Q: 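One structure coming up, written as structure tokens, with questions to follow.
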Protein chains: 2
Amino acid sequence: MAVTIKQVASAAGVSVSTVSRAFTAPDQVQPQTLQRVREAAAALGYSPNPAARSLRGGRTGSLGLIIPDIANPFFPPIFKAMQARARRLGYTVLAADTDEREYDELETIAAVSKQVDGLILWASTLPEERLRELGAEMPTVLVNRHVEGMAELRISLAQGIAQAAEHLKAYGHTRCVFVNAEHGEHGRGKSIREVFEAHDLSLTELGPYDPRFETGLHAATLVAAGEATAVLAHNDLVALGVLHQFAKLGVGVPDRVSVIGIDDTLLAATSTPSLTTIRISADEVATAAADLLIDTIAGRGEGRVAGIGSRLIPRASTGPAPG
Amino acid sequence: MAVTIKQVASAAGVSVSTVSRAFTAPDQVQPQTLQRVREAAAALGYSPNPAARSLRGGRTGSLGLIIPDIANPFFPPIFKAMQARARRLGYTVLAADTDEREYDELETIAAVSKQVDGLILWASTLPEERLRELGAEMPTVLVNRHVEGMAELRISLAQGIAQAAEHLKAYGHTRCVFVNAEHGEHGRGKSIREVFEAHDLSLTELGPYDPRFETGLHAATLVAAGEATAVLAHNDLVALGVLHQFAKLGVGVPDRVSVIGIDDTLLAATSTPSLTTIRISADEVATAAADLLIDTIAGRGEGRVAGIGSRLIPRASTGPAPG
DNA sequence: GTGAAAGCGCTAACAT
DNA sequence: ATGTTAGCGCTTTCAC
């Protein structure tokens, strides 16, 4: 099939170990020998077989990224950025989707973990105990989950939410609605309630529903019937549903109601009106996660907690409160 | 590190080959032995090491999917569907993004190809000669590229476009614009021109530009200044730009102009107004591509050409021509 | 600085 | 039906 280290060795007139070193520890081989090996390798189109490498060294050169749903437009940019970062560090990224089901998550992790040097688990739904076991078995970085002693990337919406609250307040809003589309206690709701309260903004919570477009449609109908002048949605997709339904009901945005999303996905930038939203930088997140995992693989990341912030991106869906 | 076939063998009181067979050819081992092996494996938490497997057998159990841009919302559902299909057939999917640059594409392919049993190349920008070389080296399926003798998946917009033309015609439109956002001769333009002509619809072409939101913004301004009553955009993203700019200019959709996109991404379903678009089924595409590649790997797919159709999804962005 | 050789975990002859 | 054994391509002691 492909060209092996042996062929390169004989072509360059050296032993296989020299060829191996030429690739893994170039400083341990004499410059001119190195040169010869490199030429031979290039001429033959050689590149090391990762299977053999990993079998021998226990190292695969890949990072595993386990996410709930790649179809959520929040993730592709993250995957992309992580790929770019990892490549520069000599790694490849293997992404897998769990379809938001715990059973699939376990199975997916089992399948992927054999082929990677470490795992990034995004918003895992696994019980803490399983996470702990996993962490004992292989380098693991948790995103938005906390387990004592494990490396963690914490994405904080706090700044973005505070900016949203200031933004609404400056526009004269006082009555706001939060459309919750997340079950469980790890959600965005708590932080939002606290911050809005601190800013003296009344906050009514709808839900929890599911994070779908239709949730927004439904919530908008409820909001239109009430007194609130601003809506903060669980994410951009839900916010888009809100926008859509308001348009249908003839409720002006932002004249009658202002709308804010979360994530700053492609959806937010391209909607009509464009959506004010809270951005979590894909580049920052991906870079931090990849670096943290690589450090953990190297044994110097264990238990470290990295933080990523957020900020408000004001667009056309927010404006002065009516009246 | 992990538990090996050897440990399972001694735990079950059999030889390693029996354990191996228990996993790869269960029918060749006696039921009760099989049972014992399985229990031992389960008890120890054994699962085969893919690196060793692939080193030995030359088989990795992975399919490589090379796409131009995973951030294009068209691709995630395809990746997802392919993952689901591949998993049932005993394969894993490894996705990689080329960032639409030829240099990256070559490098990406080189990196990925060592770790997979075959490649699906989506809308490759590589010259035909390179594709041919690649096909000689490893099982390859081309999507939307044609090279004599290589397996190919052809996605045809013809039906969708014909339905769009009928749809517009039935609504009384006569003057249409196509916003071209693709360079090169493999584009969507040719088919569209032919079909619209056959339906007696005048078609003005704008561009070629780039497939971006801003392209739609720009094109909408041009269209608003003209007489056309219907716009067909290169894809949903561009169509969304058109929608956005029309809203800004106060051009009613669909009252003054009707708008049609292509791809039926999430963007189309969630826009305001919701976007009439031409759907290419992610499930069909992914299934066909995966099956074709697996057949090619098995030596019975070479040179086969599979076809996938498309259809119009009428939504709220199209309606009767004005006047 | 370089070479020889062992062995990573597994599969596929081959032998029994 | 099951066991023995030779490597797959590579890295890594250990010699020299």
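This structure is a prediction, so every number in the text was calculated from the model and none was measured. In what follows, chains carry the letters A, B, and so on, assigned in the order in which the sequence lines appear, proteins first and then strands, with residues in each chain numbered from 1.
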Q: Could you tell me the separation between the CZ atom of A:R59 and the C1' atom of D:dC10, rounded to a whole number of Å?
A: 13 Å
Q: Can you give each donor-acceptor pair under 3.5 Å made by side-chain atoms of residues 18-32 of chain B, sequence neighbours left out, with the distance rounded to 0.1 Å?
A:
| from | atom 1 | to | atom 2 | distance (Å) |
| --- | --- | --- | --- | --- |
| B:T18 | OG1 | B:S15 | OG | 3.4 |
| B:T24 | OG1 | B:S20 | O | 3.0 |

Q: Residues two or more places apart in sequence or in another chain: which of them pass side-chain hydrogen bond (donor to acceptor under 3.5 Å, both in side chains) with B:E128?
A: B:R132
Q: Tell me what A:T33 touches on the nucleic acid: a base, only sugar-phosphate, or nothing, going by heavy atoms under 4.0 Å.
A: sugar-phosphate
Q: At under 4.0 Å between heavy atoms, how does the protein contact nucleotides 11-16 of chain C? Give one character per nucleotide, 5' to 3', with B, S or -.
A: BBB---
Q: Please identify each residue that fulfils side-chain hydrogen bond (donor to acceptor under 3.5 Å, both in side chains) with B:E284, with sequence neighbours left out.
A: none
Q: Rounding to 10°, can you tell me the angle the first-five-pair axis of the helix from C:dG1-D:dC16 to C:dT16-D:dA1 makes with its last-five-pair axis?
A: 40°
Q: Output side-chain donor-acceptor pairs under 3.5 Å for residues 65-79 of chain A, partner residues at least two apart or in another chain, one line each.
A:
| from | atom 1 | to | atom 2 | distance (Å) |
| --- | --- | --- | --- | --- |
| A:D69 | OD1 | A:A71 | N | 2.9 |
| A:D69 | OD1 | B:K80 | NZ | 2.4 |
| A:N72 | OD1 | A:F74 | N | 2.9 |

Q: A:K6 has an atom NZ; how far is it from atom P of D:dG7, in whole Å?
A: 9 Å
Q: What is the distance from CG of B:L34 to C1' of D:dT2, rounded to the nearest Å?
A: 13 Å
Q: Once side-chain hydrogen bond (donor to acceptor under 3.5 Å, both in side chains) is applied, do any residues pair with B:T265, and if so which ones, sequence neighbours excluded?
A: B:D236
Q: Report the residue from A:D99, A:D97, A:L126 that forms a side-chain contact (heavy atoms from CB on, under 4.5 Å) with A:E105.
A: A:L126
Q: Whether B:T4 contacts C:dG9 is assessed here as follows: a side-chain N or O lying under 4.0 Å from the phosphate OP1 or OP2. Is that the case?
A: no
Q: Starting from C1' on D:dT2, measure out to CD on B:Q28 and report it in whole angstrom.
A: 11 Å
Q: OP1 or OP2 of D:dT2 less than 4.0 angstrom from a side-chain nitrogen or oxygen of B:Q30, does that happen here?
A: yes
Q: I need the CG-P distance between A:D27 and C:dT2, as an integer number of Å.
A: 12 Å
Q: Just to verify, which of A:L63, A:I120, A:T287, A:L293 counts as forming a side-chain contact (heavy atoms from CB on, under 4.5 Å) with A:M82?
A: A:I120
Q: Just to verify, what does B:R300 make a salt bridge (charged side-chain N to carboxylate O under 4.0 Å, His left out) with, not counting sequence neighbours?
A: B:D295
Q: Just how far, in rounded Å, is C1' of D:dA1 from CZ of B:R36?
A: 12 Å
Q: Would you please name every residue forming a side-chain hydrogen bond (donor to acceptor under 3.5 Å, both in side chains) with A:E129, sequence neighbours left out?
A: none
